[in-house]
Amino acid sequence: MTMLIGVLLFGGWLQGGAVTGVVTDPTGAPIPQASVVLAPADHGRAAISTRAGQDGGFHFDPQIPGSYTVCVEAQSFVRRCLDAAVGDGGTVLVKVELAIGSGGGVAVQAVDAATANTGRVLTPGAIGSTGAQKAQAPASPGPKTPTGDDLLRGAYGPYRANNDLLTYHLDVRVDPEKKTIAGKNTVRFRMLADGGKIQLDLVSALAVDRIVMVDAGGRATGAPLHYERNERAVFIDFPQALKKGKTYGIDFFYSGSPVEGGRFGGMTFKTDPAGHVWINTACEEEGASVWWPNKDQWRDEVESMDISVAIPNGLVDVSNGRFVGKTDLGDGYTRWDWHVSYPINNYDVSLNIGNYVHFGETHRGLAMDYWVLPENLEKAKVQFAQAPAMIDAFEHFFGEYPFKRDGYKLIEAPYAGMEHQTAVTYGNHFANGYLDRDWTGVGISPRFDFIVIHESGHEWFGNAITAQDRADMWIHEGWTTYLECLYVEYMWGHDDEVTYVNALKKKVRNLSPIIPALGVNAEPPQDMYFKGALFLNTLRSMVNDDVRWFAMIHDFYQTFKYRTITTEDVIGFFNARTGMELGPVFDEYLRHAALPVLELKAGKGETEYRWRADEARFAMPVRVKGRVIRPTTSWQRMDGAVSTGDVDTEGFYVAVEVK
């Protein structure tokens, strides 16, 4: 496992003061290029981000007083966050040492506790039955208190629930020199109940220029509509009640300078290594309303979408869907038009503007297009050659690529990668593994490009099937991490799949539930990736029949594609198909932090056994000495002695304890 040791030091937390710090290892050597994000926790301003310099230092301009979360990430998936306060005066120094070692443990040490900020560590290191002892583990961080913005963004309130999205047409002009975006989103929707108000969303850093009703032909009707803003929510009032069952349209005009923030920046204005303009969007964490107005939630998706992007002549925009054409506007700008003919979620909508060159192919009727910087063209032709086999693998298990009319694209980006629908962004250095390392540490990851496989897997889970609430994001990440395992099985066989999926165990923390609170924009822990995949592998072992299992997951996908779903939908499907009552099993793995423990108690010529679990009705079969037993939370007996090594912990993600 890759070693990362970092120290985070803050100084100068003054009223209106700058925020400065340095990222180093314990010897004082700087860790350059670490991502640092400063996110308000008690007010609605957008998060901002920066990179540590070669000396490990970083700096944020003066901030208003309040509560903030500061996150430092030196590798993707390896991140540490602290709560901190900007007050009316004084200086708060924080020094926190974080280490991920080969044993899977975590060391968290606060230095000078009398003056240290003791904010929570949101993503402490892996603790498992084979890792550090529980006594050495940090306490569970507990849920984050939702902000006003979280509540408005996370809730499916009455002014969202009273309407059903039909289409968007996002029509914008991007000025690279001024770092601005301006334009409109034409929103068409059907009312599900009579009402005079709806909620859309746009962060307060961007201006609402005006909102007008439009007819079916796109012509404005009437005066600009009245609206009120609260955090990012924009509540739009109509002069007369809108009627249930009728379709309406509005043009939402906006403009401003997007504020960079979050893991990949939201909307970033950068230059590529050759000095050319390079502008990208990636906003799953921050919400799409950081750069364009929309109904910023996951439950309701438009049925189709048009994207029009005007940019200076000579640049290329690559967005979602099928390329329609480009038009010279005669003022030094060219408009690029794209059409999405399937449902799409908001955070999947993507702009990628730069000095791109193109190559492509057709694979069994699927258009596959690749957009990269010129200097990487030849490397991309070699690296992206594995994309068609990836399509074959996932089609083998789940059925046809879900967006065939719109095609498939890989687009070079200045960050690791993101699953934008039909426009998967890629920044994995044109090399196998993940960011130049063996992602799972067992020699299998270097055989394939992690970003090509994982982010493209989201076309099936995350894009074609989308969770209704961010808290259920294991439906995206747990399933897609399991798709990595299936890809390994398709390419190299079941034994390598077993090795790969079990290598994920050292990445699991088991410190907080995979599913946090619903309706409050809660972010699940990283366990949604790795524990989620291990749970699905456990379900496979419970079914104990691969022919049935593969038919089951194929039909699960086919049942729910192009829909938004909940964990309850997943449970209901697998209950019906297996004939088992799986609710307590799902709840144990997804809604509790700890693993179920198979307790074994040796007797004379026999062994007693039971599950120790948080779910009182937890009852899960498990394979012991090659045969299936069916423990519950009550003691049962079996003949013979049983040791820890007799339990199939490769097929079942459980802990074992011999008394």
Side-chain angles (χ1 to χ4, degrees), residues 126 128-130 397 440 461 474-475 477-486 488-489 494-510 513-515 524-553 556 567 570-571 573-575 577-600 609-615 617-633 644-657:
S129 58
T130 60
F397 291 109
T440 52
F461 289 91
W474 80 276
I475 295 170
E477 300 298 353
W479 274 93
T480 301
T481 303
Y482 185 61
L483 262 63
E484 297 170 32
C485 305
L486 294 179
V488 169
E489 182 158 353
H494 180 60
D495 288 349
D496 279 354
E497 186 273 342
V498 171
T499 300
Y500 188 90
V501 71
N502 278 275
L504 300 175
K505 289 178 179 177
K506 60 181 172 286
K507 298 178 181 294
V508 179
R509 279 75 167 170
N510 286 324
I514 287 176
I515 301 177
Q526 293 173 13
D527 280 3
M528 66 177 167
Y529 293 84
F530 317 117
K531 189 176 181 179
L534 287 157
F535 169 56
L536 292 171
N537 188 63
T538 299
L539 281 182
R540 175 180 179 174
S541 298
M542 290 177 64
V543 172
N544 199 28
D545 182 333
D546 277 353
V547 173
R548 285 186 67 211
W549 172 250
F550 290 131
M552 206 175 292
I553 62 174
F556 169 69
T567 294
V570 185
I571 296 172
F573 178 89
F574 282 95
N575 278 348
R577 287 296 295 265
T578 62
M580 303 179 191
E581 175 48 60
L582 295 173
V585 177
F586 274 79
D587 289 346
E588 181 69 21
Y589 280 92
L590 301 178
R591 294 190 166 100
H592 298 284
L595 282 178
V597 179
L598 182 64
E599 295 185 311
L600 302 173
Y609 61 90
R610 73 173 181 184
W611 287 118
R612 186 173 76 238
D614 291 295
E615 287 291 315
R617 297 188 302 119
F618 184 77
M620 186 177 79
V622 65
R623 191 175 297 108
V624 177
K625 287 188 169 181
R627 67 184 182 95
V628 175
I629 63 172
R630 301 185 181 279
T632 66
T633 53
T644 301
D646 294 327
V647 181
D648 179 13
T649 54
E650 287 189 338
F652 296 82
Y653 186 41
V654 299
V656 181
E657 183 177 297

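A quick note: this is a predicted structure, and the numbers were derived from the prediction, not measured. Numbering starts at 1 and runs along the sequence shown.
A heavy-atom distance below 4.5 Å is not found between the side chains of R610 and T633. Residues L600 and V624 form no side-chain contact, since every pair of their non-hydrogen atoms from C-beta on lies 4.5 Å or further apart.
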Report the C-alpha distance between T578 and M542 in whole Å, list the side-chain angles of each, state the deciding distance to 0.1 Å, and finish with yes or no for side-chain contact (heavy atoms from CB on, under 4.5 Å). CA-CA 9 Å; T578 62; M542 290 177 64; over 6 Å; no

Does Y482 form a ring-ring contact (aromatic ring centres under 6.0 Å, His included) with F535? I'd like the steps, not just the answer. CA-CA 9 Å; Y482 185 61; F535 169 56; over 10 Å; no

Can you list the steps and then say if W474 with I515 is a side-chain contact (heavy atoms from CB on, under 4.5 Å)? CA-CA 8 Å; W474 80 276; I515 301 177; 4.0 Å; yes

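Within the model, atoms CD1 of I475 and OG1 of T567 stand 4.5 Å from one another, a figure rounded to the nearest 0.5 Å. Distance OG1/T538 to CE/M620: 6.0 Å, rounded to 0.5 Å. How far SG of C485 is from CG of N502: 9.0 Å, rounded to the nearest 0.5 Å. Summarising the geometry, atom NZ belonging to K531 is positioned 14.5 Å from atom OG1 belonging to T481; distances are rounded to the nearest 0.5 Å. Atom CD in E599 sits 10.5 Å away from atom CH2 in W611 (nearest 0.5 Å). In this structure, the separation between CG on L539 and CG on L582 is 6.5 Å, given to the nearest 0.5 Å.
For the residue pair P631 and L598, the shortest heavy atom distance occurs at CG-CD1, 3.9 Å. The two residues V628 and P621 come nearest to each other via the heavy atoms CG1-CB, 3.7 Å. Across F586 and V570, no two heavy atoms sit closer than the pair CE2-CG1, 3.8 Å. Closest heavy-atom contact between N510 and D527: N-OD2, 2.8 Å. Listed here is the closest heavy atom pair of A533 and L504: CB-CD1, 3.9 Å. Here the closest non-hydrogen pair linking T632 and A619 is CG2-CB, 4.0 Å.
E581 meets the salt bridge (Lys or Arg N to Asp or Glu O under 4.0 Å) test with no other residue; sequence neighbours excluded. Taking D546 as the reference, R540 meet the salt bridge (Lys or Arg N to Asp or Glu O under 4.0 Å) condition, with sequence neighbours excluded. Residues passing the ring pair (Phe, Tyr, Trp, His ring centres under 6.0 Å) test with F556, sequence neighbours excluded: W479, F560, F573, F574. Annotation: salt bridge (Lys or Arg N to Asp or Glu O under 4.0 Å) contacts of D648 (sequence neighbours excluded): R623. Not a single side-chain hydrogen bond (donor to acceptor under 3.5 Å, both in side chains) links N537 to another residue, sequence neighbours left out.
Put simply, the side chain of D496 never gets that close to the backbone of V488: no donor and acceptor are under 3.5 Å apart.
More than 12 heavy atoms of other residues, nucleotides or ligands sit less than 6.0 Å from atom CZ of R548.
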Review item, side-chain donor-acceptor pairs of residues 587-596, under 3.5 Å, at least two apart:
from: D587; atom 1: OD1; to: R591; atom 2: NH1; distance (Å): 2.5
from: E588; atom 1: OE1; to: D614; atom 2: N; distance (Å): 3.1
from: E588; atom 1: OE1; to: E615; atom 2: N; distance (Å): 2.8
from: E588; atom 1: OE2; to: D614; atom 2: N; distance (Å): 3.2
from: Y589; atom 1: OH; to: Y653; atom 2: O; distance (Å): 2.7
from: R591; atom 1: NH2; to: E568; atom 2: OE2; distance (Å): 2.6
from: H592; atom 1: NE2; to: E615; atom 2: OE2; distance (Å): 2.7

